[in-house]
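Here is the structure we will look at.
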Amino acid sequence: MMTTLTITLPHTPRCLSPNAKAPLTPRGAIVAGYKKTAAKSRARNIAWARTWEALNGPGH
């Protein structure tokens, strides 16, 4: 028996899109790298938390 689990996540930041605009300056590339790293971390944490809530329920 298969159980279906549906998890709705918010839209991810634009900087995580593969079609995102590239920075025009070296300094801009450094800043964009920091922003992308932070956005990835936030997205992973949100996904983990939503999945945990869906699997364990709000009462656990």
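Everything numeric in this text was worked out from a predicted model, so none of it was measured. Note that these values count all heavy atoms, side chains included, but never hydrogens, waters or copies made by symmetry.
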Rounded to the nearest 0.5 angstrom, the OG1-CG distance for Thr51 and Asn56 is 10.5 Å
Could you pull out all donor-acceptor pairs under 3.5 Å where a side-chain atom in residues 2-28 meets a protein atom, sequence neighbours excluded?
from, atom 1, to, atom 2, distance (Å)
Ser17, OG, Asn19, N, 3.1
Thr25, OG1, Gly28, N, 2.9

With Lys35 via side chain to side chain contact (heavy atoms under 4.5 Å, CB included) - residues at least two apart: Val31
Side chains of residues 36-45: which donor-acceptor partners sit under 3.5 Å, not counting sequence neighbours?
from, atom 1, to, atom 2, distance (Å)
Thr37, OG1, Gly33, O, 2.9
Asn45, ND2, Ser41, O, 3.4

List, by chain and number, the other hydrophobic cluster members for Ile30, where Ile, Leu, Val, Met, Phe, Trp and Tyr join if side-chain heavy atoms come within less than 4.5 Å, directly or indirectly. Tyr34
